[in-house]
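Some notes on the structure that comes next.
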Amino acid sequence: MDTIVLDHVLPRVFEGDSMGDSDVWRTRLTFSRGRNYVVEAPSGTGKSSLCAYIYGNRRDYLGSICFDGTDVSTLCPSRWQELRRTQLAYLPQELDLFPELTAMQNICLKNDLTGHMTHDAIRSMMRELGIADRADFPVGKMSIGQQQRVAIIRAICQPFSFLLIDEPVSHLDAANNRLAAAMIEQEAARQGAAVIATSVGNRIGISTDVELHL
């Protein structure tokens, strides 16, 4: 997948509201593979909705979203499954980890489906992000910052053309932000992929090609 085009997309809940100037809503916006985008937005303006719309989790919007010219409203469930396995990676703000499973088990739930990383590579990434000693520890007993690092690793354990990350470092300090950003950029560059990151303040430290505001 090379492009994602939003054509006058707007959350239905905002219909009739004056949203002010937006680089995203009610515009024609193209996300292109190989570029890094940061979407800055105050809380309540729809940044999480944007990610959910692109990933196909929600359809409560006006306008259209197209992948390489195909309107996503025409995609069948099996096509969505394929896209989420091979083209779209997603780290939601809520993380969606299983608290009773260990960090390694949470990551391997995805990696066993994609076969993208070896277990040694996963453990190496955990060492890089300072959570190697928590590999076999239940996620529910980890700090939120540690959980974010687990979720970041899980998100990139697949092929992708676009990586959607919603406030991925909101609970990380500057040092861990840099480590996570470097890991994400390295994997995105290796796959020639785009990164679309949202932020309400503590933005991920990736190089940015395009900065957008909701």
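Computed from heavy atoms alone, side chains included, the values below leave out hydrogens, waters and symmetry copies.
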Just to verify, which of Ser49, Ser199, Ser48 counts as forming a side chain to side chain donor-acceptor pair (under 3.5 Å) with Asp166?
Ser48
Apply the hydrophobic cluster definition, ILVMFWY joined by side-chain contacts under 4.5 Å directly or through others, and give me every member besides Leu101.
Phe98, Leu109
How many angstroms lie between [atom1] in [X] and [atom2] in [Y], if you round to the nearest 0.5 Å?
X: Asp68; Y: Arg33; atom1: CG; atom2: CZ; answer: 9.5 Å
X: Leu29; Y: Asp23; atom1: CG; atom2: CG; answer: 8.0 Å
X: Ile153; Y: Ile107; atom1: CD1; atom2: CD1; answer: 4.5 Å
X: Thr27; Y: Leu212; atom1: OG1; atom2: CG; answer: 8.5 Å
X: Ile152; Y: Cys157; atom1: CD1; atom2: SG; answer: 12.0 Å
X: Thr30; Y: Arg35; atom1: OG1; atom2: CZ; answer: 10.5 Å

So, [X] versus [Y]: side-chain donor-acceptor pair below 3.5 Å or not?
X: Gln105; Y: Asp136; value: no
X: Gln87; Y: Ser161; value: yes
X: Asp71; Y: Ser73; value: yes

If the threshold is 4.0 Å, N to carboxylate O, is there a salt bridge linking [X] and [Y]?
X: Arg190; Y: Glu187; result: yes
X: Arg28; Y: Asp7; result: yes
X: Arg203; Y: Glu211; result: yes

Side chain to side chain contact (heavy atoms under 4.5 Å, CB included) evaluation trace for Ile184 with Ile204:
CA-CA 10 Å; Ile184 287 169; Ile204 188 167; 3.5 Å; yes
Given the side-chain rings of Phe162 and Phe31, with only the six-membered ring counted for Trp, is the space between their centroids under 6.0 Å?
no
Please find out if less than 6.0 Å separates the ring center of Tyr61 from that of Trp25.
no
Residues Trp80 and Leu75: closest non-hydrogen pair is NE1-CB, 3.7 Å
Heavy-atom nearest pair, Gly34 first then Asp209, reads O-OD2, 4.3 Å
Compare all side-chain heavy atoms of Val195 with those of Ile206 and state whether any distance is below 4.5 angstrom.
yes
Is the shortest side-chain heavy-atom distance between Gln81 and Arg84 below 4.5 Å?
no
Stepwise, does the side chain to side chain contact (heavy atoms under 4.5 Å, CB included) test hold for Arg123 with Glu128?
CA-CA 9 Å; Arg123 289 189 181 274; Glu128 288 182 44; over 6 Å; no
Residues in salt bridge (Lys or Arg N to Asp or Glu O under 4.0 Å) contact with Glu100, at least two apart in sequence or another chain
none
Side chain to side chain contact (heavy atoms under 4.5 Å, CB included) between Tyr55 and Leu83, worked out:
CA-CA 9 Å; Tyr55 198 65; Leu83 288 169; over 6 Å; no
Donor-acceptor contact present, side-chain Gln146 to main-chain Ser143, <3.5 Å:
yes
Just do the side chain to side chain contact (heavy atoms under 4.5 Å, CB included) check on Asn36 and Val210 with the steps written out, would you?
CA-CA 6 Å; Asn36 291 342; Val210 181; over 6 Å; no
Is there a salt bridge (charged side-chain N to carboxylate O under 4.0 Å, His left out) between Arg79 and Glu82 once you walk through the steps?
CA-CA 5 Å; Arg79 179 59 175 150; Glu82 179 187 358; 3.0 Å; yes
